[in-house]
Q: 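Sharing a structure below in structure tokens format, with a few things to ask.
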Amino acid sequence: MIREECPPGACICGRDDLLGDPDGDLRILRLTKAEEKKLIARIEGIASYADLLRMAELMQAQLGMVLQVAPGNREVRTVRGLSIQLVERPGLCSKTRQTVPAAIRRCLEKNPGIVYAILDAHDLFGAG
């Protein structure tokens, strides 16, 4: 089963181009709307930085989605200061590009320890 086509003009994911490409990576199309809801629920249930990393690895391995979570270019005072994004690729729905980072932000707001671990992993709290 693959993801349903978005309404015309609502998305610029390139789904049709991906389906027409014989060498295209179709894994992302396995993320149906129902599966996306399950993914969002799992993301919101993440309790540690290790869980977040594992989830990112699973998303990349199973769906080809690359998640990037890092401190933003400016000062990080809140979760909003983090850069959370999915790398653009053919077939990745624009709605998914918004909902996954939003779910991660909600998770981080509930678990500030994960934010500190992200900052530490990027050597912001490290000793040099």
Side-chain angles (χ1 to χ4, degrees):
M1 172 164 256
I2 63 171
R3 188 175 185 99
E4 290 180 27
E5 187 175 358
C6 297
C11 188
I12 55 169
C13 64
R15 178 183 185 274
D16 294 334
D17 295 335
L18 180 62
L19 287 171
D21 183 1
D23 297 324
D25 183 1
L26 300 177
R27 292 179 297 168
I28 191 65
L29 297 180
R30 286 191 233 152
L31 187 65
T32 63
K33 291 180 182 184
E35 291 297 321
E36 184 176 335
K37 287 179 183 179
K38 290 179 187 177
L39 175 63
I40 297 302
R42 286 192 64 194
I43 288 171
E44 289 178 350
I46 291 173
S48 70
Y49 183 57
D51 291 345
L52 178 63
L53 293 176
R54 179 71 179 133
M55 179 62 68
E57 288 173 6
L58 288 172
M59 287 178 3
Q60 185 167 5
Q62 295 176 2
L63 300 169
M65 293 174 29
V66 178
L67 175 67
Q68 296 176 336
V69 180
N73 294 335
R74 299 175 188 226
E75 187 175 355
V76 178
R77 291 185 182 186
T78 67
V79 173
R80 300 280 175 216
L82 294 174
S83 171
I84 304 170
Q85 60 185 353
L86 291 173
V87 174
E88 279 205 42
R89 57 167 301 209
L92 182 58
C93 181
S94 59
K95 181 183 175 203
T96 304
R97 274 182 273 163
Q98 295 171 355
T99 57
V100 169
I104 291 172
R105 285 191 197 287
R106 288 190 297 272
C107 168
L108 296 178
E109 287 171 353
K110 291 189 300 187
N111 300 291
I114 300 173
V115 177
Y116 298 132
I118 292 168
L119 295 174
D120 195 30
H122 288 85
D123 205 28
L124 295 180
F125 290 153

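Bear in mind the structure is a predicted one, so any value in this text is a computation, not a measurement.
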Q: Does one hydrophobic cluster hold both V87 and L52, with members joined at side-chain heavy-atom distances below 4.5 Å?
A: no

Q: Under a 4.5 Å cut-off applied to non-hydrogen side-chain atoms, are V100 and M59 in contact?
A: yes

Q: In the structure I gave you, are the side-chain heavy atoms of D17 and P90 within less than 4.5 Å of one another anywhere?
A: no

Q: Considering all heavy atoms of both residues, which atom of C107 and which atom of I114 are nearest to each other, and what is their separation?
A: SG-CD1, 4.1 Å

Q: Any side-chain to backbone donor/acceptor pair from K110 onto E44? Under 3.5 Å, distance only.
A: yes

Q: Going from CD on E4 to CZ on R15, what distance comes out if it is rounded to the nearest 0.5 angstrom?
A: 8.5 Å

Q: Does any part of the side chain of L108, heavy atoms only, come nearer than 4.5 Å to the side chain of I118, both counted from C-beta?
A: yes

Q: Do you know which two heavy atoms are closest between C11 and S94, and how far apart they sit?
A: SG-N, 3.3 Å

Q: Judged by atom type as modelled, is there a donor-acceptor pair below 3.5 Å linking the side chain of T99 to the main-chain atoms of K95?
A: yes

Q: Ion pair present between E109 and R106, side-chain N to carboxylate O less than 4.0 angstrom?
A: no

Q: Can you find a pair of side-chain heavy atoms, one from R30 and one from I2, that are under 4.5 Å apart?
A: no

Q: Are I84 and V66 co-members of a hydrophobic cluster defined by side-chain heavy atoms under 4.5 Å apart?
A: no

Q: Can you tell me how far CD of Q62 sits from CG of L31, rounded to the nearest 0.5 angstrom?
A: 10.5 Å

Q: Calculate, to the nearest 0.5 Å, the distance between atoms CG and OH belonging to D120 and Y49 respectively.
A: 9.0 Å

Q: If you count every heavy atom of other residues, nucleotides or ligands that lies below 6.0 Å from E88 atom CD, does the total exceed 12?
A: no

Q: What is the distance from atom OG1 of T96 to atom CG of L39, rounded to the nearest 0.5 Å?
A: 8.5 Å

Q: Closer than 3.5 angstrom, by distance alone: can the side chain of R3 be matched with the main-chain N or O of L29 as a donor-acceptor pair?
A: no

Q: If you group Ile, Leu, Val, Met, Phe, Trp and Tyr by side-chain heavy-atom gaps below 4.5 Å, do I104 and L58 land in one group?
A: no

Q: For the pair E36 and K33, find out whether any cationic side-chain nitrogen is under 4.0 Å from an anionic carboxylate oxygen.
A: no

Q: Output all residues satisfying side-chain hydrogen bond (donor to acceptor under 3.5 Å, both in side chains) with D51, sequence neighbours left out; order by chain, then residue number.
A: S48

Q: Ignoring hydrogens and angles, tell me if any N or O in the side chain of R97 forms a donor-acceptor pair with the backbone of L92 under 3.5 Å.
A: yes

Q: Under 3.5 Å, side chain of D25 to main-chain N/O of R27, donor-acceptor pair present?
A: yes

Q: May I ask whether I28 and L26 are part of the same hydrophobic cluster, defined by side-chain heavy atoms of I, L, V, M, F, W, Y residues being less than 4.5 angstrom apart, directly or through others?
A: yes

